Amino acid sequence: MHAPFTPPTIEPETLMLAYRSGIFPMADRRDDPEIFWVEPRLRAILPLDGFHLSHSLARTLKRGRFAVTCNAAFADVLDACAAPRADEEGSWISHRIQASYERLHALGQAHSVECWEVANDGTRALVGGLYGVGFDRVFCGESMFSRRTDASKVALSWLVAALRLAGVQLLDCQFITPHLASLGAVEISQERYLRLLRRAQSGSFPAGSSSGVGVAVGDGAGLGRAEAPPLALPEAFGALLSEASSAGLSSSPGKLIAHFLTQTS
């Protein structure tokens with residue numbers, strides 16, 4: 001008997017070069033060993049100073065309905081994102097793609113945000129989250145999932161807050177969906193996306209945005225942390241928790257996130 005063939009993972013250098021060039025991999029199905037590279041004509045981004053925090057989402061954050069972590073369950077988040085969904089025939093996250101991103105995560109270049117439902121006895125269940133790839137002043141969101149109302153929105157809220165604090169300039173969402181559009185995502189041409197991508201990698205954004213952070217719908221925005229190197233997502237996430245603790249909100253850091261997003265949107 002022969003052992004089943006396991007396709008090699010995509011080399012991290014190849015993956016990162018692809019993201020820096022504005023393309024990303026997909027597969028036709030979960031067990032497909034082949035991948036194809038995508039460069040969409042229309043690209044979705046979420047302007048970090050245009051995140052739409054609804055009143056209901058703000059209430060959910062303030063109530064601390066979910067415990068939120070960063071990089072606590074990367075593989076589990078990928079498993080959930082790749083799971084079959086009612087509105088989709090299959091998953092573009094193949095086993096090969098998942099293994100490639102887990103390798104990228106081990107190298108500190110791919111990150112996850114998790115939402116947990118905590119029971120009275122202290123046990124917790126993963127009910128929502130997202131993952132993506134970060135470099136320079138760019139974060140490329142790959143996928144998200146939700147098993148409870150607002151769980152993925154809470155994860156995205158924390159991500160946006162952390163990216164603002166990190167000095168990130170571009171949050172790539174790949175393809176527009178009604179869900180993302182309701183949170184402030186917009187669709188732009190790939191040509192325009194590449195201009196934003198190049199600027200976010202070079203840090204050549206002019207100053208003067210209303211919030212001082214994030215990327216505006218236009219082609220330039222303030223640098224935020226322009227004079228300092230950008231923080232990695234886990235560092236920025238930790239800084240948010242530290243700030244919540246300093247404000248006496250360690251038991252409900254979602255209040256700080258809601259306030260931060262309201263003040264800077």
Side-chain angles (χ1 to χ4, degrees), residues 43-62 64-71 77 110-115 128-146 150-188 193 196 200 205 209-217 221-225 230-244 249 253-265:
R43 196 77 173 233
I45 63 169
L46 202 166
L48 292 173
D49 60 356
F51 180 74
H52 179 227
L53 181 70
S54 67
H55 293 301
S56 61
L57 180 55
R59 286 196 298 270
T60 298
L61 285 166
K62 291 175 182 177
R65 180 182 173 192
F66 306 113
V68 185
T69 56
C70 178
N71 283 355
V77 169
H111 308 287
S112 59
V113 176
E114 303 89 12
C115 280
L130 56 85
Y131 78 97
V133 175
F135 55 95
D136 298 324
R137 298 185 187 275
V138 182
F139 190 86
C140 298
E142 283 292 303
S143 186
M144 61 174 64
F145 78 98
S146 187
D150 283 345
S152 63
K153 292 182 179 180
V154 168
L156 187 58
S157 299
W158 275 81
L159 175 69
V160 169
L163 294 182
R164 285 176 171 170
L165 186 62
V168 165
Q169 299 297 328
L170 179 61
L171 173 52
D172 169 33
C173 302
Q174 298 182 346
F175 299 109
I176 196 72
T177 66
H179 177 70
L180 288 171
S182 71
L183 294 166
V186 296
E187 198 171 47
I188 61 176
Y193 172 80
L196 293 171
F205 280 79
S209 72
S210 58
S211 65
V213 287
V215 57
V217 176
L223 276 171
R225 290 173 43 86
L231 297 175
L233 179 62
E235 295 171 332
F237 194 92
L240 284 173
L241 292 176
S242 295
E243 189 170 338
L249 299 173
K255 291 181 179 178
L256 174 74
I257 303 302
H259 177 73
F260 180 55
L261 294 178
T262 301
Q263 290 298 107
T264 55
S265 294

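We use all heavy atoms of the structure for the numbers below, so side chains are in, but hydrogens, waters and symmetry mates are not. Worth saying up front: this structure is predicted, and the values here are computed from it rather than measured.
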Residues forming a side-chain contact (heavy atoms from CB on, under 4.5 Å) with A162, sequence neighbours excluded: L233, A236, L240
Kindly write out the residues that satisfy side-chain contact (heavy atoms from CB on, under 4.5 Å) with L249, not counting sequence neighbours, or none if the list is empty.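 Applying side-chain contact (heavy atoms from CB on, under 4.5 Å) to L249 gives A244, A247, K255, L256.
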In the structure I gave you, are the side-chain heavy atoms of [X] and [Y] within less than 4.5 Å of one another anywhere?
| X | Y | answer |
| --- | --- | --- |
| V77 | L130 | no |
| L180 | M144 | yes |
| H111 | L159 | no |
| H179 | K153 | yes |
| W158 | C115 | no |
| R164 | F51 | yes |

Going from [atom1] on [X] to [atom2] on [Y], what distance comes out if it is rounded to the nearest 0.5 angstrom?
| X | Y | atom1 | atom2 | answer |
| --- | --- | --- | --- | --- |
| I45 | I176 | CD1 | CD1 | 9.5 Å |
| L163 | Q169 | CG | CD | 10.5 Å |
| H55 | T60 | NE2 | OG1 | 13.0 Å |
| L53 | T262 | CG | OG1 | 5.0 Å |
| C173 | F139 | SG | CZ | 10.0 Å |
| L183 | S152 | CG | OG | 7.5 Å |

Look only at the side chain of R43 and the backbone of D172, and say whether a donor-acceptor pair between them is shorter than 3.5 Å. no
Nearest heavy-atom neighbours spanning [X] and [Y]:
| X | Y | value |
| --- | --- | --- |
| L46 | G184 | CG-C, 4.3 Å |
| A151 | G128 | CB-CA, 3.9 Å |
| C140 | V138 | SG-CG1, 3.9 Å |
| A155 | V113 | O-CG1, 3.8 Å |
| N71 | A110 | OD1-O, 4.2 Å |

